[in-house]
Each structure stands twice: as structure tokens, then as C-alpha cells.
**Student:** 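What follows is a single structure, and I will ask about it in a moment.
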Amino acid sequence: MSSSASTQRPKGLSPGAQSALITTASSVGAVVLALLISGLILWITGKDALDAFDRMIDVGLQKNKLLEMLQRATPMMLSAVAVAVGFKMGLFNIGVEGQYLFAALIAAVVGAHLSLPAPLHVTAILLVAMAAGAAWASIAAVLKVKRGVNEVIATIMLNYIALSVIQWLFDEFFRDAAENDLNVKTKLIPRSGWMPHLVTGRLTGMFLVALLVVFVYWLLVFKSRFGFQLRSSGLNPVAARTAGIASSKMIIIALLISGAVAGLIAMPSVLGEIHAYGQGIPDGLGFAGIAVALLGRNHPLGIVAAACLFGFLDATASALQLGGIPNSIVEVMQAIIVLTVVIVNEAVSRWSARRTVARTVEVLESTTGTTPAGAPAGASA
Amino acid sequence: MSVQAPVSPTTGTGGNPTGGFRELLQRSSAARLVLAGAILFIALSATRVISDADDLTSSGTMGTTLRLTIPILLAGMAGLFAERVGIVNIGIEGMMIFGTWFGGYGAWQFGPWIGLLLGIGGGIIGGLIHAVATVRFNVDHVISGVAINILAFGGMRYLSELAFVGEAGGGISQSPKQQAPIPTFSVPILAGGEIFGWKSPDILGWLEDKAWFLIGDLAGIMRGLVHNVSWATFLALLLVPLSAWFLWRTRLGLRLRSSGEEPNAAESLGVRIVRLRYLGLVISGAFAGLGGAYLSIVASSYYRQGQTAGRGFIGLATVIFGNWRPFGVLGGATLFGFAEALKLRSPSESLIALFLFVSFVAGLFAIRSLYRRQAIGGVVAAVAAVLFLLVYLTVNKVPDSLTQATPYLITLIVLATASQRLRPPAFAGRPWRPGSSH
């Protein structure tokens, strides 16, 4: 039976490799589709789409732009991992946005008041950021576990509350009086707390930290016992509960990890560029992370690739302006990519489920010579 | 929180003439609502007199409240219609952004009324995108909504660069100023409106100036509702009873709700769920688009990036707050609009006066709980009343940044404490495909 089944497979790929191939192909196809739609939008609005893509690729292959791509991909990788940890557990953490901004303020303030030798100082700030992010996420976790509040609504509300709390803490306590009024920020972090640059002025060491986080995410979620429990709670909560996995515990742990990773998102700016909290801390990265996690299908390699794609788009957007094309088309592209990716994924997974049924029936028919009694009548057609 | 007693459809005729007041209260939730409103009003009036915060119930504050309430209300109605057909709509904010842009563009090019219509059209585009993703392709509702928000932000920036850059007063983040606003009206005699060129007396304005306890407050609140009101505001308010009637009194409304409660059963009875869900999301998008257009045409006179300022999400909060009912949404939107109006008009004194008001309400709640022998609730409410009174007496400035968080904080508290009494549509947010149950 097994030999006849294996002859059915094209190219002799294992089922796992096949589904990986289908996943990759569908994601790439979705991106191509999204680029076509974006080109269509450019064309309808009277802009030369080919010229636009040409300019982006031209500029994007320069070394400086590639470094900028990695630099921009760094926070998105972190943000995507934060979102993906939740997704794997069936939780939608929209609150990454508030968690990382809150963590950025706390980490910058604590970092400025510490005095430690350089490597320890940087590590301590990173740990504080993770703790602060996790602390903010824990509010949503407690509300969900204790009071049954949906985490989507709770984290949306907490995002806005975070903005207010940050503003208040900043205005009342942490604003550095020594700074002039034009460029307000918190007290500067001493030099020992600065993240070294890999390429001076272009790429900070946070890039390596982000890769490390992606690797740990892979180990923890895909290779460990804990990860198995996490994923099974996400896939089938009832079965997981029956198997003795306490879902409320998993919810809390997943949201805390998610918040801790989220805490690192603004660190490339806080530790590598501004060395404080203030103007220049980017916002919107939490939502970008959702897009990157979806595009990367929550898989470590997918997340890295998707973050690089988004980083590439952001880095090369400025080239468009020179050709008279509004660079906000890049944001439109990113949103369309998200939509096409989720729609194509849904369509493909439905198609591959039907295909699996048809295959099974085929194999059973060829081995037993009759249609199995339980198979749906039309399934083999 | 007793204000959100659900408005049941049977109450219009309620009131047994032979029954006493108590029986009326038990039978009719509308009567309970009126009583609760009256008590809150007396507490508010007393707060005004004691704390000297005259702006608390002035007609100016009420007018501002009305203008700030409408966008939140329309966003809430957008959420209501989507969830009633079973689709969670996180993309309201994005659909409102579509509405602000198309509304602002239309009003600048063709006049305010066409602007409102174009804004509605923009919102409908957003609703249709959401419908294709969630209904046709069964994509997770939240994901689709998030994508629409991102799309709206980038897309409208792109269109602004094409349409507004280079025009006088326009730029990448805002449109040129519009020529004409939507006309307003004042009710004659009550608020000094004109009849055939004759300037009628302004009775409510006169009463408000006297500032008598209760009467002055009532006059101020009423005058705010009938003086200088935009026709767009009037029409938007009219949509609330219309929606309640449509959803609970018509056959189509019943079917729409069945799609959000139990689509499998409805489908087995021959209801075409897919079409209804498209319809529900088109209505939802239209409400959101109108809310956005209101922001760029009535509340302002040009489109500006970021004009929605999270109102789509506050609207979502009012859906929960209002227990998925039109009048509940109106109540929630009014509360948030009122808080915002106070902050705009007289940041410090009115807000601090509100602490006294909350203290009053908590005190009344404590008395009610003790009367009903609910010891725990009574003690908690009494402690809260004392705490808020202390805050009122000691604090003399509320940080502006913190008051901004009030609507979101209230929503979380309601969700955490009153979730037993909330009843969302049973099927909202769950994946569903036609023919999946049989």
C-alpha cells in the first residue's frame, strides 16, 4: 500500500515538503498578484507602473539600500514574532503597538539611570524593555483569563490607553529639562548603554538580536514540548484541554511572551539611534508586524523573508518620489499584499483539502478496487 | 451602569393605567430608562450648582457634544450592523478614513451634500472589500479589518498627493478649504429661529441665562439640541430610530439578525445568508463613510489626515457599551461625546466637577444596593463615592493626557464588570461558509 501511494506523488517529494512548497508558492503568487494590482492602481491614476518598479529595483540593489532594508526589517521581524506567538495560540494580539511604545519609554528611562559596564548595560535595558512589554500585555491576559474579555477589543483599548499613559508619564516625570523645547526627549542613555553598530550609521546590532529572537521563536514554538502545547491549544482548544493542557495558563504565557518580544521592537531606535525616548521613535510597527506575520505564515523563515520584503519596499520608496510617483503607493502595496496573501492562503488551503480527499479516495480505490463506503460520492471527481 | 437597560420593542405602549409607578417600572424598560436619566440629570444639575462649573450644562457644551457625538454614533452603528449580520468589523476606522477623504473631496469640488454622498460611497467601498474577504473567502474578520485600516491610511495619502498637492491650501495631508457648509437651523420660539424673516424669541436661551437649579440646566441642554443644528446632524440622529425599526420591525431586519445569531438555522429555512451579509457590510460601510464625511464636512471644513483620530475604535466600544442595540449605541456615543466636549470647552473646571458628579452617582448606587440588600455592591459603591468626593476636594488639575484615555478605560471596565449582562450576536466573528452545516 505504501509503495503504491508513493508512486502517486509527483517529483517524489514527501507530503511535508509538498505542503511547504504549496505554501511558499501561494505566498509568492499572492505577492505577485498584489504587485499587479498595485501596478494597475498606478496605471489607472496615470503613472507609469513599470517605471516605478524599475526605479525601486535599480535603487534597491545598491549596497546602502540593502543595508537600509535590513535596518528597516529589524523591528518588523521582532514585531512579527510578537504577533506570531499569539497567532500560534489562536490569540490576536493587536496590542503590540501599545506594548512596544510603553516598553520603549520605560526602557529608555531606566537605561538612563543605570550605570553598568557596556555589555551588561545594553543587556539590562533589553531585559527591562521585555519586562515592560510583558507587563503591559499582562493586563489583556488577566482580563481575558479572569473576566473573559476578548483580547482583540481589550488590546485595541489598551493601545489608546498606553498612548495616554505614555504622554502623561513623559510630560509629568520623564521629560528632560535640559533639552530645548524643540526636540523633547527623556534623559540621554550613557554611552555604555548604546547598541554597537554593525555598519556605522547603517545597521545596528539589534539586527543580530532580532535574528536570535526569530531563532529562539523557532526552537520554542516549533521544537519544544511547550511549543507543542501552545500550538495544540491554538489548533484545537477542546482537545488540548482534554489532554491536560491548562488553556488559561497557556493564554497568559503566550501573551507574556508576545509582550516581551514586542518590548524589543523600538530598541533599534532607542539603543541605536536616539539613545532616549522622544521624537523619532517610529509608530505603526505593531500593525506592520501583523502584516509581516501573515505574509510569513507565522513561520520563522517566512517572517524573515517577509520583513525583508517590507523593508525593501520602505527603503526604496524614496526613489519613487524622484520619478514623480507618490511614495505612499508603498503603503498601499503593503496593505494589498496582506489582503491578497490571506485570501490566496484561504483559497489554496481549501483547494488542497479537496485535493487530499480526492487523493485518498484514489489511493484507496487502487488498493482495494472498490470505492470505500464512507467516502463522499462526488469526492473523487 | 444601570443606564443600559435594554430597550425592548414592547415598551412603547407600556404602562398599565391601573398599576402603580412601581409596577410600571417593573414592566417597562423605557420607564426605567427615563427614571435613570432623570436621576442622572438631577445629579448633574446639583453638581453644576455646587461646583459653579456652569459649562457643564450650557447650551454651548450641548451643541459641541452633539457635533462630537455624531461621528462616534455613526461609527457605532457601522459596528452594530456588521456584528448583527455576524461579521466583526475592526475596519471601521479605515472605512471612516475613506469617508473623510471622499467626503472632503466631494464637498470641495461639488458642494457639501454631494460630499456626504461621496463619503458614503467611499465607506461602501471599504465595506465591500471587507465583505469579499470575509464572506466570499472566509478570511479571519479581524485580519481583514486590520488590512483595510492600513489600506485606507496609505491609499488616501496616495490620493491626496494626486488630488490636493498643488491646489491652494491643499497638500499631502489635507484638502483645500470647502466653499459652503451644510445649512443649520434653529427651532423658532424655543431657540430664536426665524419664521419668514421674523426673529422669534429665544425662550430657552432666556431661561438658561437665569441659571436656576434644574430649570436652567434643562433649558441649556434643550437649547443645545435645537439651536444652530446642522441638517446633517438631524439626519444622522434620525438614522437611530430608523435602524431600530428596520432591524426589529421588518422582515429583512429579522433576517439580517438571524445571520448574526444562527446562520445555519436561517440558511436551512431558505434565507440567503451570503447576500444578507453583503448587504449588512454595505450598510456598515455606508454608516462609517457618513461618519467620516461628517468629520470632514460638518465638524470641519476640509479633509485632514488623521481626522478620524481613533473614532472608529471608540465606535466599536459603543457597540459593546450599548449592548448591540441602536439606542444603546446612541447612549454610549453621547457619553463619550460629552466627555470630549467638556475637555474641549473648559478643560479643568468641568472635568473636576465631573468627579463630584461620579461621586453623586456612586452614592445613589450605594443607596440602591443597600435597599436591595446587596451588601458587597453597596459597600464598593459607597467607597467609590467617598473616594471620588475626596478627589474632587483635593485635585485641582487633571492631566489632559489622562482624560484622553477615559472612553477606552470605561469600555474596559464595562467589559470586565458587566460582561454577564451583555449579549452580543451569538455568531459574530465566527467563520462560516454556506452549506457547511448540511
Side-chain angles (χ1 to χ4, degrees), chain A residues 41-42 45-47 87 92 94 139-140 142-143 146-150 152-154 156-172 284 287-288 290-291 293-294 321 325-347 349-350, chain B residues 88 90 93-94 129 132-133 136-163 165 172 310 312-314 316-317 319-320 399-417 419-420 424 429 431 433:
Chain A
I41 292 175
L42 282 170
T45 50
K47 304 289 174 188
F87 272 143
F92 206 140
I94 295 195
I139 303 174
V142 169
L143 282 173
K146 296 282 176 205
R147 310 295 317 177
V149 179
N150 182 307
V152 172
I153 302 289
I156 287 175
M157 301 301 145
L158 282 167
N159 276 345
Y160 283 98
I161 295 173
L163 291 182
S164 292
V165 169
I166 290 168
Q167 190 68 46
W168 175 66
L169 288 175
F170 184 78
D171 287 344
E172 298 283 317
F287 293 103
I290 296 174
L294 289 169
Q321 210 71 32
I325 300 162
N327 61 8
S328 38
I329 190 70
V330 164
E331 290 161 52
V332 179
M333 274 184 205
Q334 292 175 343
I336 295 177
I337 288 176
V338 176
L339 274 173
T340 53
V341 161
V342 289
I343 288 176
V344 167
N345 279 345
E346 196 64 41
S349 72
R350 221 184 298 155
Chain B
V88 168
I90 301 284
E93 179 79 6
I129 297 175
V132 169
R136 172 71 184 83
F137 288 102
N138 208 14
V139 165
D140 184 282
H141 303 176
V142 177
I143 291 174
S144 168
V146 169
I148 286 171
N149 289 340
I150 304 176
L151 177 70
F153 185 80
M156 295 310 105
R157 237 174 114 74
Y158 179 71
L159 287 183
S160 293
E161 275 191 70
L162 294 180
V165 170
I172 179 165
F313 293 118
I314 302 187
L316 211 59
V319 179
I320 299 162
D400 199 33
S401 43
L402 281 188
T403 55
Q404 231 127 38
T406 320
Y408 309 107
L409 205 58
I410 293 177
T411 307
L412 274 189
I413 293 172
V414 168
L415 274 173
T417 55
S419 49
Q420 313 296 323
R433 295 199 54 75

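Since the model is a prediction, treat every value here as computed from it, not as a measurement. Note on naming: letters A, B, ... go to the chains in the order of the sequence lines (proteins, then strands), and numbering restarts at 1 for each one.
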**Student:** Below 4.5 Å, heavy-atom pairs only: which of B/Gly155, B/Gly310, B/Gly429 has the largest tally toward chain A?
**Tutor:**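 That would be B/Gly310.
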
**Student:** Given a strict heavy-atom distance threshold of 4.5 Å, which part of B/Asp140 is in contact with chain A: side chain, backbone, both, or neither?
**Tutor:**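 Just the side chain, heavy atoms under 4.5 Å.
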
**Student:** In terms of heavy-atom proximity below 4.5 Å to chain A, should B/Val146 be classed as side chain, backbone, both, or neither?
**Tutor:**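 Side chain of B/Val146 only, per the 4.5 Å heavy-atom cut-off to chain A.
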
**Student:** Restricting to non-hydrogen atoms, name the atom on A/Leu339 and the atom on B/Ala133 that form the minimum distance, rounded to 0.1 Å.
**Tutor:**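 For A/Leu339 and B/Ala133, the tightest heavy-atom pair comes out as CD2-CB, 4.5 Å.
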
**Student:** Tell me, side chain or backbone of B/Ile143 under 4.5 Å from chain A's heavy atoms, or both, or neither?
**Tutor:**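 Both the backbone and the side chain of B/Ile143 come within 4.5 Å of chain A.
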
**Student:** Which atoms of B/Ile90 come close to chain A, meaning under 4.5 Å heavy atom to heavy atom: side chain ones, backbone ones, both, or neither?
**Tutor:**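 Side chain only.
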
**Student:** Does any heavy atom of chain B fall under 4.5 Å from the side chain of A/Ile343, the backbone, both, or neither of them?
**Tutor:**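 When you check distances to chain B, atoms from both the backbone and side chain of A/Ile343 fall under 4.5 Å.
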
**Student:** Using the six-membered ring wherever Trp is involved, compare the ring planes of B/Tyr408 and A/Tyr160 and label them parallel, tilted or perpendicular (cut-offs 30° and 60°).
**Tutor:**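 Parallel, since the angle between the ring planes stays under 30°.
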
**Student:** Which answer fits A/Leu163, side chain, backbone, both or neither, if we ask what part of it has an atom under 4.5 Å from a heavy atom of chain B?
**Tutor:**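 When you check distances to chain B, no heavy atom of A/Leu163 falls under 4.5 Å.
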
**Student:** Among A/Ala154, A/Ser328, A/Ala291, who wins on heavy-atom pairs under 4.5 Å with chain B?
**Tutor:**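 Option with the top pair count is A/Ser328.
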
**Student:** Relative to chain B, which segment of A/Phe92 carries a heavy atom at a distance below 4.5 Å: side chain, backbone, both, or neither?
**Tutor:**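 It is the side chain, since no backbone atom gets that close.
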
**Student:** Among A/Val330, A/Asn150, A/Ile153, single out the residue with the greatest number of heavy-atom pairs under 4.5 Å to chain B.
**Tutor:**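 Answer, by heavy-atom pair count under 4.5 Å with chain B: A/Ile153.
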
**Student:** Is it the side chain or the backbone of A/Val342 that comes within 4.5 Å of chain B heavy atoms, both, or neither?
**Tutor:**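 The answer is both parts of A/Val342.
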
**Student:** How close do B/Phe153 and A/Glu331 get, heavy atom to heavy atom, and via which atoms?
**Tutor:**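 Here B/Phe153 and A/Glu331 meet closest at CD2-OE1, 3.3 Å.
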
**Student:** With a 4.5 angstrom heavy-atom cut-off, could you sort out which part of A/Ile329 is near chain B: side chain, backbone, both or neither?
**Tutor:**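 The answer is both parts of A/Ile329.
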
**Student:** In Å, rounded to the nearest 0.5 Å, how long is the span from CE of A/Met157 to CG of B/Leu316?
**Tutor:**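 Atom-to-atom, A/Met157:CE and B/Leu316:CG are 6.0 Å apart.
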
**Student:** Most heavy-atom pairs under 4.5 angstrom with chain B, which of A/Pro326, A/Ala335, A/Gly46?
**Tutor:**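 Among the listed options, the one with the most contacts to chain B is A/Pro326.
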
**Student:** What is the distance from atom CD of A/Gln334 to atom CG of B/Leu151, rounded to the nearest 0.5 Å?
**Tutor:**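 Answer for the CD-CG pair, A/Gln334 versus B/Leu151, is 11.5 Å.
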
**Student:** So for A/Asn345, is it side chain, backbone, both, or neither that comes closer than 4.5 Å to the heavy atoms of chain B?
**Tutor:**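 Neither; nothing under 4.5 Å.
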
**Student:** What I'd like to find out is whether the side chain of B/Leu162 reaches to under 4.5 Å of the side chain of A/Lys47, using heavy atoms alone.
**Tutor:**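 Yes, their side chains come closer than 4.5 Å.
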
**Student:** Taking C-beta and beyond as the side chain, do A/Leu42 and B/Tyr158 meet within less than 4.5 Å on heavy atoms?
**Tutor:**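 Yes, at least one pair of side-chain atoms sits under 4.5 Å.
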
**Student:** Less than 4.5 Å to any heavy atom of chain A: does that hold for the side chain of B/Ile172, its backbone, both, or neither?
**Tutor:**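 No part of B/Ile172 comes within 4.5 Å of chain A.
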
**Student:** Are A/Ile161 and B/Leu412 close enough that some pair of their side-chain heavy atoms sits under 4.5 Å apart?
**Tutor:**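 In short, these two side chains touch, coming nearer than 4.5 Å.
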
**Student:** Does B/Arg157 reach the side chain of A/Val332, with side-chain heavy atoms less than 4.5 Å apart?
**Tutor:**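 In short, these two side chains do not touch, never coming nearer than 4.5 Å.
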
